[in-house]
Amino acid sequence: MPELPEVEAARSLIAERALGHTIAAVDDADTYVCRPHLPGDIASALVGRTPTAAHRIGKAMWLETDDGDGPTLGLHLGMAGRIVVIGAEGSTQSTAYGGDPMSPAEARAAAAGGHPDPRLSGNPAWTRFALEFADGGALLLFDKRRLGRAVLNPDLTRLGPDALLISKADFRARVGSGDAPLKARIMDQSVIAGVGNLLADELLWQARAAPLRPAGTLDDDELDALWKATRRATRAAIKAGGVHHGAIIDFRNKDASCPRCGGAMVKAAVGGRTTWWCEAEQSWPPV
DNA sequence: AGCATTGTTTCACA
DNA sequence: TTGTGAAACAATGC
């Protein structure tokens, strides 16, 4: 689930509900999620601090503490992570995916497993990292898989510009070069940050662009159209509540045909990921 | 049982 | 040295 739109929802949730509370305890016992830190390292750095801002570039998110005087806490949702914020006693809980408000007791139960909401039900071990606030609230990294990350002072220098902030000229220069397939290029987080597998299929289909076409062969007009499609598809996904609401997502299967032209949907591995596209509109070389 | 999975990092190779 | 692609990573679901 987590591509730029989901991470932005999580960041927004944290900004609205998890700032200004003093950190009383940290669960950083998962040495894989918290690598390369050792258990207690993140706790030592954060207990007594207060998150004061939540930032994001692409799929990377981080909390600022004590107005910049404390360390930052990087949070990455990986392949299946979600952020859960539990309010102080008496307030409600939320997830990065919206949903109905829950009581703190319900939220704790969800983190412990067995909640009727399938998005939150599961094993207690699926809470991989947690900040416990002094007022009784908490921020949880809830992740069925275990590819999410929590790390102090994350290195963000290898990320390209955020997919929603990159200028048209910068997009032309960064995306429109190299021999790699266009889809691989646009998913390269050091080129632009935030586009994942599903959002890539969506925006390429919206732009009628061929996933297999070498990125360096696109002209400026084509790159500008792709820039627009990137912004449009990303903003639409944020508004709709996630990348899975894209127009082409339900048609990424063998029996489907393109909802725009009726052509066959075809599949191949591009950039290491399963890719679906309309054979008629997005072929390369062109027919 | 085997394969696929919305992400990132590492490693091999041209 | 740089760029590209495959494999590994963890764990679940079909």
Side-chain angles (χ1 to χ4, degrees), chain A residues 1-10 29-36 56-62 74-83 95-97 113 118-129 141-151 154-160 163 174-205 211-217 233-234 236-238 240-255 267-276:
Chain A
M1 293 136 187
E3 299 184 31
L4 188 157
E6 287 81 4
V7 179
E8 173 55 23
D30 191 315
T31 55
Y32 187 77
V33 170
C34 298
R35 70 191 186 280
R56 180 191 61 74
I57 296 176
K59 307 171 196 170
M61 175 167 56
W62 68 98
L75 293 171
H76 199 292
L77 301 180
M79 193 82 89
R82 299 172 175 156
I83 295 296
T95 78
Y97 294 89
R119 299 169 304 177
L120 292 177
S121 71
N123 189 294
W126 290 345
T127 296
R128 309 291 182 181
F129 176 84
L141 174 58
F142 186 84
D143 186 6
K144 277 194 178 187
R145 313 286 194 269
R146 216 166 138 211
L147 296 172
R149 295 290 296 275
V151 59
D155 175 19
L156 306 168
T157 59
R158 285 179 307 206
L159 289 176
R174 300 182 73 94
V175 175
S177 67
D179 299 325
L182 179 57
K183 187 189 180 188
R185 187 80 186 168
I186 210 167
M187 282 197 304
D188 184 336
Q189 302 300 296
S190 69
V191 174
I192 61 171
V195 177
N197 195 35
L198 295 183
L199 189 54
D201 276 7
E202 174 72 18
L203 71 90
L204 289 169
W205 179 79
L212 287 172
R213 181 172 172 185
T217 66
T234 305
I238 290 174
V243 293
H244 54 287
H245 288 99
I248 201 60
I249 303 305
D250 289 341
F251 297 86
R252 296 173 81 256
N253 69 75
K254 188 173 173 54
D255 299 323
K267 146 181 118 150
V270 182
R273 315 301 289 191
T274 298
T275 302
W276 289 90

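Just so it is clear: chains get the letters A, B, ... in the order the sequence lines come, proteins before strands, and each one is counted from 1.
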Practice task
Give a yes-or-no answer on whether the side chains of Thr31(A) and Arg35(A) include a donor-acceptor pair shorter than 3.5 Å.
Solution key: no
Practice task
Considering only NZ, NE, NH1 and NH2 on the basic side and carboxylate oxygens on the acidic side, decide whether Arg82(A) and Asp143(A) come within less than 4.0 Å.
Solution key: no
Problem - Listed partners of Asp255(A) passing side-chain hydrogen bond (donor to acceptor under 3.5 Å, both in side chains), at least two apart - result: none
Exercise for the section: Dot-bracket notation for DNA chain B is requested: 5' to 3', Watson-Crick or G-U wobble pairs only, both distances under 3.5 Å, with ( ), [ ], | and . as defined. Expected result: .||||.||||||||
Practice task
Take atom P in dA6(C) and the same atom in dA4(B), then report the distance between them in whole Å.
Solution key: 14 Å
Exercise for the section: Just call it for Pro181(A): base, sugar-phosphate, or nothing, with non-hydrogen atoms closer than 4.0 Å on any strand. Expected result: sugar-phosphate
Problem - Neighbours of DNA chain C within residues 187-194 of chain A, by heavy-atom distance under 4.0 Å - result: none
Would you tabulate the pairs of protein nitrogen or oxygen atoms and nucleotide nitrogen or oxygen atoms of nucleotides 7-10 of chain C closer than 3.5 angstrom?
from	atom 1	to	atom 2	distance (Å)
dA10(C)	O3'	Arg146(A)	NH1	3.2

Fill in the blank from the handout: Given protein heavy atoms under 4.0 Å, the one-letter contact record of nucleotides 9-14 of chain B, with B base, S sugar-phosphate only and - none, is simply ------
Exercise for the section: Give a yes/no on whether any side-chain N or O of Trp126(A) is located under 4.0 angstrom from OP1 or OP2 of dA11(C). Expected result: no
Handout entry: Pairwise P distance for dC3(B) and dA7(C), with rounding to whole Å
Key = 13 Å
Fill in the blank from the handout: With sequence neighbours left out, the residues meeting side-chain hydrogen bond (donor to acceptor under 3.5 Å, both in side chains) with Glu8(A) are Arg11(A), Arg56(A)
Practice task
Find out whether Lys183(A) and Asp201(A) are in side-chain contact, i.e. whether some heavy atom of one side chain is under 4.5 Å from a heavy atom of the other.
Solution key: yes
Practice task
Indicate whether OP1 or OP2 belonging to dT6(B) is found under 4.0 Å from a side-chain N or O atom of Lys59(A).
Solution key: no
Handout entry: Distance, P atom - from dA10(C) to dC11(B), rounded to whole angstrom
Key = 15 Å
Practice task
Check whether any side-chain N or O of His76(A) sits under 4.0 Å from OP1 or OP2 of dT8(B), and answer yes or no.
Solution key: yes
Exercise for the section: Could you verify whether a donor N or O on one side chain and an acceptor N or O on the other, from Ser177(A) and Arg185(A), lie under 3.5 Å apart? Expected result: yes
